[in-house]
Amino acid sequence: MQDLSLHQKIGQRMTPQQILFIKLLELPTSRIESKIKDELETNPALEEWKDNAEPDSTPIPESEPTEEKEEIDVREFLHEDEYYGYKMQGDGIIEEETEPIIASVTSLSEQLQEQLSFFNIDERKQQICYQLIGSIDQDGYIRRNLHSIIDDLSFLFYIDTNIKEIEELLTIVQALDPPGIAARNLQECLLLQLERKLKNGDSSVKIAYMILYNCFEDFVKKNYQNIIQQLELDGEEEIKKASAIITKLNPKPGFETDTNATKNQTIIPDFILTYNNEVLELSLNSKNDPQLHINKKYSDILRIYEESAKNDTSVKNMALFVKQKLESAKWFINAINQRKNTLLETVNSIIDFQKEFFKEGNIKQLKPMVLKDIAVRVNKDTSTISRIVSNKYIQTHFGTYLLKQFFSEKVTDDQGNDTSLLEVKNILKELIAQENKKEPYLDAKLAELMTQKGFNIARRTIANYREEMNIPNANMRKKEKK
């Protein structure tokens, strides 16, 4: 017999306004402009404030009558075709476009979400997959702990899930294109790509898969004899054929997609930072700072309704429709304004934290900074800071940068001084640039040279940094003697 019991659970529920704000917060300028246009087209109660227009700041009335005593029919202010055309959006007549449509490049996230729509999964699982897609970094990996993603799903969308379900749905996301997407490490990324080639029945592909699956560390270290013995191969010829297949795989499936997209579009900065007379001043891109207001005609309708025949069902329905659109417009305007204030507050905090860097543009002056550092300063959650800096650019007097480029972990040198990981990688990059290309440094040698500069970094960590900077290993950097 099944036991039945009642449990009380206290949870935080987000309002529709809060969800709208969160979604707007993560949109960059190129997308927010499109979102505002869509809202203006679909909500007749919302208008853009032109230079010669007076914004309507009158609050949406609830029940107070107006001073106007004249008998006026509400229907005179709202044509039937306007009402029904909006209510049944998509069923009306499509007017000719008067302005050309500007083509936009879809992001990797949008491409993946579009592919996901072809899978027959319910809305709940789809939302979990969207969260996984949103956790994919620029290289195409999910490096974030899956437990953190579970926490986000619970807090933002009230979806209770577990590791088993997350991993099952992760396989769906990993089945999307480009091959290797949403892997959690390099080994998994390469294996995902090889899995799609196994169907061809090529024996070399099968051996390549076995090498990466069973002997990944030996392959990285080029311990070919160990691989031959463990997999019982005939000789190094089989390894050479498998290696040729592996080297053609893409170690950064997301990087190529983002790079191709960037080549086809102009970067629109979300923030403009000026530096005059020793003063740093931040402003939003004008396209990112729209002036919206309530359509006065629609706010007048509710006032007039108070003076009209309230027992008229058609009038009452139209008034209810107008009130809904006015409330929706008000929510949208409030969310846009809240977004603006939050963006400026957060980025100003980043600038204050990295003040010396933003004055000179010298990477050596960039301090170690993580999301939590800014979250504490502005009293917001780290997930909110992550949404703010994601895919947003800032234009400075020394160049235009992604906001997330200014975040990096700290590395402590042998003197106990904290240095930005970006600066450490820059030192490593300079060492590689200065090496003899006929005899390039092995990772072990680079670790030794970094130790001499005061950074005690393990060989494997050097290899990770090198891979993150898209720098090949010593063998691939080597130039043959002439």
Side-chain angles (χ1 to χ4, degrees), residues 14-50 53-61 74-107 109-110 113-114 117 123 126-127 130 157 268 285-305 314-340 387:
M14 297 182 73
T15 64
Q17 296 94 317
Q18 288 173 319
I19 294 172
L20 172 63
F21 166 66
I22 286 174
K23 290 185 176 181
L24 291 177
L25 193 62
E26 59 189 351
L27 294 179
T29 298
S30 56
R31 300 281 306 285
I32 195 72
E33 190 178 11
S34 174
K35 175 67 177 174
I36 291 168
K37 285 181 179 178
D38 290 344
E39 196 70 19
L40 287 168
E41 288 175 2
T42 57
N43 191 343
L46 186 68
E47 280 190 339
E48 191 168 4
W49 182 8
K50 305 298 182 183
E54 278 289 328
D56 180 22
S57 57
T58 308
I60 298 171
V74 175
R75 286 166 291 193
E76 294 177 7
F77 286 81
L78 190 64
H79 298 296
E80 292 291 323
D81 58 344
E82 186 176 10
Y83 169 60
Y84 289 108
Y86 181 80
K87 189 172 184 180
M88 299 180 289
Q89 183 185 337
D91 295 337
I93 299 172
I94 301 175
E95 296 181 359
E96 261 186 52
E97 294 173 2
T98 55
E99 295 182 2
I101 297 174
I102 301 173
S104 60
V105 179
T106 55
S107 66
S109 179
E110 289 172 322
Q113 288 186 17
E114 184 178 353
S117 64
E123 187 177 343
Q126 187 179 64
Q127 184 59 61
Y130 283 164
F157 305 104
I268 302 174
N285 186 324
S286 59
K287 293 181 180 179
N288 205 22
D289 185 19
Q291 302 298 307
L292 302 173
H293 70 105
I294 301 294
N295 184 326
K296 193 173 187 299
K297 181 178 77 171
Y298 280 79
S299 58
D300 283 345
I301 290 173
L302 286 185
R303 299 188 188 94
I304 296 167
Y305 169 65
S314 62
V315 171
K316 190 179 294 185
N317 288 340
M318 274 193 255
L320 178 61
F321 163 79
V322 170
K323 185 172 182 179
Q324 289 172 343
K325 298 311 157 191
L326 285 170
E327 288 176 346
S328 178
K330 185 179 179 182
W331 288 355
F332 190 79
I333 291 171
N334 288 341
I336 288 290
N337 290 335
Q338 189 181 355
R339 174 184 183 273
K340 171 186 174 181
R387 285 183 171 85

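In this text the structure is predicted, and so the values were computed from the model without any measurement. Scope of the values below: all heavy atoms of this structure, side chains included, with no hydrogens, waters or symmetry mates.
For Glu26, the side chain to side chain contact (heavy atoms under 4.5 Å, CB included) criterion is met by Arg387, not counting sequence neighbours. Scanning for side chain to side chain contact (heavy atoms under 4.5 Å, CB included) contacts around Gln324 gives Leu320, with sequence neighbours left out. Partners of Ser34 under the side chain to side chain contact (heavy atoms under 4.5 Å, CB included) rule, at least two apart in sequence or in another chain, are Asp38.
When every heavy atom of Asn43 is checked against every heavy atom of Ala329, the shortest pair comes out as ND2-N, 3.4 Å.
Here Lys330 contributes atom NZ and Lys323 contributes atom NZ; the two are 10.5 Å apart, rounded to the nearest 0.5 Å. Here Leu292 contributes atom CG and Ile336 contributes atom CD1; the two are 6.5 Å apart, rounded to the nearest 0.5 Å. The distance from the CZ atom of Phe332 to the CZ atom of Arg339 is 9.5 Å, given to the nearest 0.5 Å. The distance from atom CD1 of Ile333 to atom CG of Leu46, rounded to the nearest 0.5 Å, is 5.0 Å. How far CG of Leu24 is from CD of Gln338: 9.5 Å, rounded to the nearest 0.5 Å. Put simply, CD on Glu327 and NZ on Lys325 are 10.5 Å apart, with the number rounded to the nearest 0.5 Å.
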